[in-house]
Amino acid sequence: MNKVIKTVSEAVHGIEDNMTLMLGGFGLCGIPENAIAELVKKGISGLTCISNNAGVDDFGLGLLLQNKQIKKMISSYVGENDEFERQMLSGELEVDLIPQGSLAERCRAGGAGIPAFFTPAGYGTEVAEGKEVREFNGKPHILEKALHADFAVVKAWKGDTEGNLVYKATARNFNPMMAMAGKITVAEVEELVPAGTLDPNEIHTPGIFVQRIFQGNTFEKRIEQRTTRTK
Amino acid sequence: MALDKIGIAKRIAQELRDGWYVNLGIGIPTLVANYIPEGIEVEFQSENGVLGMGPFPFEGEEDADLINAGKQTITTMKGASFFDSATSFAMIRGQHVQLTVLGAMEVSESGDIANWKIPGKMVKGMGGAMDLVASADNIIVAMMHSNRAGVSKILKSCTLPLTGVGCVKKVVTDLAVLEIKDGAFHLLERAPGVSVEEIQSKTEGSLIIAGDIPEMKI
């Protein structure tokens, strides 16, 4: 089954105002930067974005924030983005902060047909407000529900025409679970290869989870904290 | 004299044991990796999806796809592995990681911790901290004993929104090593040259002082 889409514009076709999107990445690592740039260009607004972070002021999801295209963010950590903090504290932006492990598991659950699960994370904190609490093995847990999205937009290192994906290093992060949880999953890859080229033993995301795949034009792959040592 | 950040990291490094998988939080905890005691082997987990984290790369060898949870460029050690975020937190919640070291704004005598939010002022988000503190058996908090204005951060009860309840067992500050049990801080060690009286005066929570308190050996 050929899932290849020629251009980024066609790849994000159907994403409309007020939709819910999942966007892969941790910090600026493994984010679908070509697709995000296209959403900025198209000016789609009122978006609910499920993404671990919110980019930085001038890159990643920060670009959509600057343009006021995001209505609500569902994230775990948003500390590196001044515009985000400003919009959140002023009430312009609705924000749902979720523990990182719960966010990952809620996406996984969404893709795996599990409607909800109990986790110890967040018990006794404001995250637990309004959530069912149940004790297992003498320890309190809170009920967390699966997340779903109209579109999941993920980024992989290599992908084939069937939509099979391979990620590189820590750029994997949230991409595999989000790929599972989108009604339509769009995968942006650095290198698109013919089916049969990738070793089936080494596929991270099987193509069944991916409806559209395209090769990104350019990848800036910006580094957020460049740390080095001297020889 | 009170310890600096490096001193705190060095003291915490003494808690490492051979064969442990360890998760280090952002800030002082990250420095712990620089002071692993001789003759033991530990492997560092970073919750964004790497086990077997190595030192920072040499200049010019940074890889944008290879970072730690603080978004810093890193390298990997022999035998390292990469995984997705759900698997990463399965390692954490499933208690496969033996030690978690993280920073805090406040801790309380009942083991509560606050480190993610100052209402109306600062919103960073909890990241993986709530998952880590709710699940780990062995949590060490690295922090300063009081804030810049001299107000104690070692409290009867936290004033900031909580990250977790009743989870912290050990705290290493610039002044002391404290163990939390039975609803009180127990003073185990003091920083070189720091008096018990000074620690007492900078600790708002209940402090148990039993016998002679040794100095830390850094």
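What you are looking at is a predicted structure, and each value in this text was computed from that prediction instead of being measured. Order of the sequence lines fixes the chain letters, A, B, ..., with proteins taken first and strands second; residue numbering starts at 1 for each chain. Excluded from the calculations below are hydrogen atoms, water molecules and symmetry mates; all remaining heavy atoms, backbone and side chain alike, are included.
Residues from residues 125-154 of chain B that place a non-hydrogen atom less than 4.5 Å from a non-hydrogen atom of chain A comprise B:Gly125, B:Met126, B:Gly127, B:Gly128, B:Met130, B:Asp131, B:Ala134, B:Ser135, given in numerical order. The stretch residues 178-189 of chain A places none of its residues near chain B, where near means some heavy atom under 4.5 Å from a heavy atom of that chain.
Taking OG of B:Ser85 as the start and CD of A:Gln100 as the end, the distance is 6.0 Å to the nearest 0.5 Å. To the nearest 0.5 Å, the span separating CD1 on B:Ile113 from OG1 on A:Thr125 amounts to 12.5 Å.
If you measure heavy-atom distances from B:Asn68 to chain A, the contacts under 4.5 Å come from the backbone alone. For A:Glu190, the part sitting under 4.5 Å from any heavy atom of chain B is the side chain, from C-beta outward, and nothing else. With a 4.5 Å cut-off on non-hydrogen atoms, B:Ser88 does not touch chain A at all. Residue contact with chain A, scored on non-hydrogen atoms closer than 4.5 Å, involves the side chain of B:Phe89 exclusively. Within the 4.5 angstrom heavy-atom criterion, atoms from both the backbone and the side chain of B:Glu47 approach chain A. Contact of B:Ala69 with chain A is made through backbone and side chain together, with heavy-atom distances under 4.5 Å. Of the two parts of A:Thr119, only the side chain, counted from C-beta on, holds a non-hydrogen atom closer than 4.5 Å to a non-hydrogen atom of chain B. A:Ile98 touches chain B through its backbone: at least one of N, CA, C or O sits under 4.5 Å from a heavy atom, while the side chain does not. Heavy-atom distances place the side chain of A:Asn53, and not its backbone, under 4.5 Å from chain B. Looking at A:Val95, there are no atoms closer than 4.5 Å to chain B (heavy atoms on both sides), in backbone or side chain.
Within a 6.0 Å sphere centred on NZ of A:Lys139, heavy atoms belonging to other residues, nucleotides or ligands number more than 12. The number of heavy-atom neighbours closer than 6.0 Å to CD of A:Glu92, taken from other residues, nucleotides and ligands shown, is above 12. Around the OH atom of A:Tyr123, the shell of radius 6.0 Å holds no more than 12 heavy atoms that belong to other residues, nucleotides or ligands. Within a 6.0 Å radius of CZ in B:Phe56, more than 12 heavy atoms belonging to other residues, nucleotides or ligands are found. The environment of CD1 in A:Ile208 is sparse: at most 12 heavy-atom neighbours from other residues, nucleotides or ligands sit within 6.0 Å.
Most heavy-atom pairs under 4.5 Å with chain B, from the set A:Asn52, A:Leu103, A:Leu89, A:Asn175: that is A:Leu89. With respect to chain B, the highest number of heavy-atom pairs below 4.5 Å among A:Lys221, A:Lys231, A:His141, A:Arg222 belongs to A:Lys231. Interface remark: of the candidates B:Val165, B:Leu66, B:Asn48, B:Asn48 forms the most heavy-atom pairs closer than 4.5 Å to chain A. When each of A:Leu28, A:Leu97, A:Thr228 is scored by its heavy-atom pairs under 4.5 Å with chain B, the top score falls to A:Thr228. In terms of heavy-atom pairs under 4.5 angstrom with chain B, the leader among A:Met88, A:Glu126, A:Glu105 is A:Glu126.
Each ring-ring contact (aromatic ring centres under 6.0 Å, His included) pair with one or both residues in residues 203-231 of chain A, not counting sequence neighbours, appears once here: A:Tyr167-A:His204. Evaluation of the salt bridge (Lys or Arg N to Asp or Glu O under 4.0 Å) test over residues 82-100 of chain B, restricted to residues two or more places apart or in two chains, returns none.
At least one donor-acceptor pair closer than 3.5 Å links the side chain of A:Thr227 to the backbone N or O of B:Thr73. Here the side chain of A:Thr170 pairs a donor or acceptor atom with the backbone of B:Ile67 at under 3.5 angstrom.
Cation-pi geometry between B:Lys71 and A:Phe26 is satisfied (NZ or CZ under 6.0 Å from the ring centre, within 45° of the ring normal). For the pair A:Arg229 and B:Phe58, the cation sits on the ring face: its NZ or CZ lies under 6.0 Å from the ring centre, inside 45° of the axis.
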Steps toward side-chain contact (heavy atoms from CB on, under 4.5 Å) verdict (A:Ile223, B:Gln72)
CA-CA 8 Å; A:Ile223 291 174; B:Gln72 297 171 312; over 6 Å; no
**Asked** Would B:Glu59 and A:Arg226 satisfy side-chain contact (heavy atoms from CB on, under 4.5 Å), going step by step from the backbone distance to the final call?
**Response** CA-CA 9 Å; B:Glu59 210 164 303; A:Arg226 187 179 298 273; over 6 Å; no
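For A:Glu85 and B:Lys124, the salt-bridge test fails: no basic side-chain N is under 4.0 Å from an acidic carboxylate O. Looking at B:Asp65 and A:Arg172, no side-chain N of the basic residue comes within less than 4.0 Å of a carboxylate O on the acidic one, giving no salt bridge.
Closest approach of B:Gly70 and A:Gln225 over heavy atoms only: O-CG, 3.5 Å.
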